[in-house]
Every structure is written in structure tokens, then in C-alpha cells.
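Keep in mind that the numbers below use all heavy atoms, side chains included, and drop hydrogens, waters and symmetry copies.
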Amino acid sequence: MTELPKTTSCFGVIIENNQIPPRVYLVHNTADTLGLNGEEGKPDGWGLPGGGSLEGEKPEETVRREVLGEAGLLTEISTRGRKSEFGEILFENKPFINNDLYIFHLKKINTEGFRNIEETGETGRVMLADLGSILKMPLAIKFIRRENSEAEKIKNPEGIYFSTRERIFGVLEYLNYDFYDLIPDIDKLFLEIKREEVGDYVFNLLNEAVLKKNEIRERRADRLRPDIDELLERYQPWIDAGGVACQK
């Protein structure tokens with residue numbers, strides 16, 4: 001069996017912290033007729049800006065070039081991953097298609113707004129989306145299994161790629177963001193999201209954040225809650241004197 005040629009893909013997570021709540025850049029991708037190394041291409045949908053490396057190009061060079069071409073943003077690495085070869089935060093190896101994938105945390109360095117989007121054949125729109133909106137976006141492609149039938153593939157051109165959500169939250173977890181700062185209505189939103197759509201990783205990450213916050217609230221409530229024995233000891237002289245103070 002012939003080995004597939006080696007390919008490298010690089011994507012950038014760019015967070016606008018001057019927005020309340022903070023937002024992340026997404027680009028709208030047009031469908032690929034063929035994906036990497038000839039496998040079925042991705043459908044229309046929203047994803048992170050990025051793409052494949054050119055010959056002799058380092059991943060950190062690729063991601064900056066691709067982000068500029070797809071989103072019109074001039075960027076640099078904002079946070080370099082610990083023990084990473086090229087400064088990436090996340091790395092994925094896909095042996096079945098012989099592809100290495102790098103996810104970087106980038107920041108804008110231009111102050112003049114957007115440059116022209118050069119790769120209009122691949123992307124045409126850029127969106128700044130808050131994390132709550134990203135969680136509520138439908139999937140660009142999902143499978144629904146009907147009773148006594150094969151799984152049906154449902155495509156939504158305005159949906160988000162499943163992997164995009166995971167990669168965004170993976171970078172945010174690495175950066176130790178407080179998800180309550182990113183998603184102010186997380187308590188309400190968490191009850192509305194579907195585990196099968198956001199995936200186990202994102203669901204468990206949010207569940208942990210909600211549980212931790214509830215534990216903090218409960219401990220705070222315990223500190224504020226009066227101790228009955230302490231109150232009885234404090235007001236015992238008045239109780240012995242007729243209980244007037246206790247009744248008040």
C-alpha cells in the first residue's frame with residue numbers, strides 16, 4: 001500500500017479581549033471537493049482561519065500567512081505552548097491521512113483594521129463570535145441515526161465544524177480562562193446545550209466549571225449562614241431574663 005504524502009495544517013485561535021464578553025474570530029469556508037490526500041472534503045461551514053503549509057514553510061509561518069489570507073488579519077504568536085516545537089498550543093497527528101495539525105494562539109498586531117481577504121475562493125466571510133454563540137451554533141455536518149436505517153448525514157452551511165469548537169476550548173483551557181468571564185450566562189446556557197453536539201470534551205469542561213462555581217457559592221453561603229449554637233450562647237443572658245430579645 002502506497003504511503004500518502006505528508007501534509008501539515010495550521011490554524012489560529014485569535015481572541016478579542018477588548019470585547020465584553022471576549023470573542024473569537026471565525027471564517028466561513030466553502031466546501032472542498034476533496035480534502036487532504038484525497039479523502040472526502042469538508043462541507044460549507046464556520047471554522048478557524050488557517051490552512052496547509054507550503055514546501056519548506058514552518059508551521060508558525062504557515063498560520064500567519066493563512067490567517068492573513070483568509071481573515072485579513074496580521075498576527076503574531078501570543079502564547080507559546082510549553083514544550084512545543086513551533087509554539088503551538090495543540091498538536092494533532094492524523095496517521096490515516098499522514099497529516100500533522102497545529103493550533104496556535106495568536107494576537108492581532110495591525111491597528112488599521114482588516115486587510116483584504118485574498119483567499120476568496122476558500123473563505124468569504126469573517127465573524128467575531130462570543131463563546132455563548134459558538135456553543136449554540138448548529139454543526140456544519142452531523143449524523144442522525146433513524147430507527148432501522150443507516151445514519152443520515154445532515155449538512156448546515158451556517159454551522160460550525162465539530163473540531164473547531166473543541167480546538168477553541170482546548171486553547172482556552174490551556175490559557176486558564178475563567179469560563180464565567182467568557183460566558184456570563186453559562187448557568188442557563190449549560191442546561192440548553194446538547195452533549196452529542198458539543199462533544200464530551202467541551203461538555204465536561206463546562207460541567208466542571210459550573211460544579212466548581214456552585215461549590216464556591218455553597219461555601220460562601222455556609223460562611224454567611226448563622227451558627228445556631230453560637231446564637232444561643234450569645235443571647236442566653238436575654239433568654240434567661242425572659243426571652244424578649246430572642247423573640248425580637
Take N17 and K107 through the test side chain to side chain contact (heavy atoms under 4.5 Å, CB included) and record every step on the way to the result.
-> CA-CA 10 Å; N17 287 302; K107 65 179 178 181; over 6 Å; no
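- Of all the heavy atoms in I77 and L106, the pair that sits closest is CA-CD2, 3.9 Å.
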Steps toward side chain to side chain contact (heavy atoms under 4.5 Å, CB included) verdict (F143, E152) = CA-CA 5 Å; F143 295 88; E152 180 182 357; over 6 Å; no
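- R165 places a side-chain N or O within donor-acceptor distance of the main-chain N or O of L135, the cut-off being under 3.5 Å.
- Contact detail for F169 and L131: the closest heavy-atom pair is CZ-CD1, 3.3 Å.
- Looking at K108 and E76, no side-chain N of the basic residue comes within less than 4.0 Å of a carboxylate O on the acidic one, giving no salt bridge.
- The pair K142-E196 does not meet the salt-bridge criterion, since no charged nitrogen lies less than 4.0 angstrom from a carboxylate oxygen.
- A donor atom on one side chain and an acceptor atom on the other are found under 3.5 Å apart for S9 and N99.
- Here the closest non-hydrogen pair linking G47 and N29 is N-ND2, 3.7 Å.
- Taking the charged nitrogens against the carboxylate oxygens, R125 and E70 have no contact shorter than 4.0 Å, which rules out a salt bridge.
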Chi angles and distances behind the side chain to side chain contact (heavy atoms under 4.5 Å, CB included) call for Y102, F11 = CA-CA 6 Å; Y102 299 84; F11 297 90; over 6 Å; no
Would you check, one step at a time, whether the test ring-ring contact (aromatic ring centres under 6.0 Å, His included) holds for F86 with F104?
-> CA-CA 9 Å; F86 301 105; F104 292 85; 7.9 Å; no
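- The existence of a salt bridge linking D44 and K155 is excluded, since no basic side-chain nitrogen approaches an acidic carboxylate oxygen closer than 4.0 Å.
- Separating the CG atom in L101 from the OG1 atom in T8 is a distance of 9.0 Å, to the nearest 0.5 Å.
- Ring planes of F203 and F190: tilted class, angle from 30 to 60°.
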Assess whether side chain to side chain contact (heavy atoms under 4.5 Å, CB included) is satisfied between I141 and I154, documenting all intermediate values.
-> CA-CA 6 Å; I141 181 170; I154 305 296; over 6 Å; no
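- A heavy-atom distance below 4.5 Å is found between the side chains of F179 and L205.
- Using a 4.0 Å cut-off between charged nitrogen and carboxylate oxygen, E192 and K188 count as a salt-bridge pair.
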Could you give me the CA-CA distance, side-chain angles and deciding distance for E166 and Y161, then say whether side chain to side chain donor-acceptor pair (under 3.5 Å) is met?
-> CA-CA 9 Å; E166 288 201 325; Y161 303 126; over 6 Å; no
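- A side-chain donor-acceptor contact under 3.5 Å links T62 to the backbone of K58.
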Under 3.5 Å, which donor-acceptor pairs do the side chains of residues 89-96 form with other protein atoms, sequence neighbours left out?
unit_1 : atom_1 : unit_2 : atom_2 : d
E92    : OE1    : R167   : NH2    : 3.2
E92    : OE2    : R167   : NE     : 3.1
N93    : ND2    : D100   : OD1    : 2.7

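- Residue I14 is tested with V24, T75, L128 for a side chain to side chain contact (heavy atoms under 4.5 Å, CB included); the sole match is T75.
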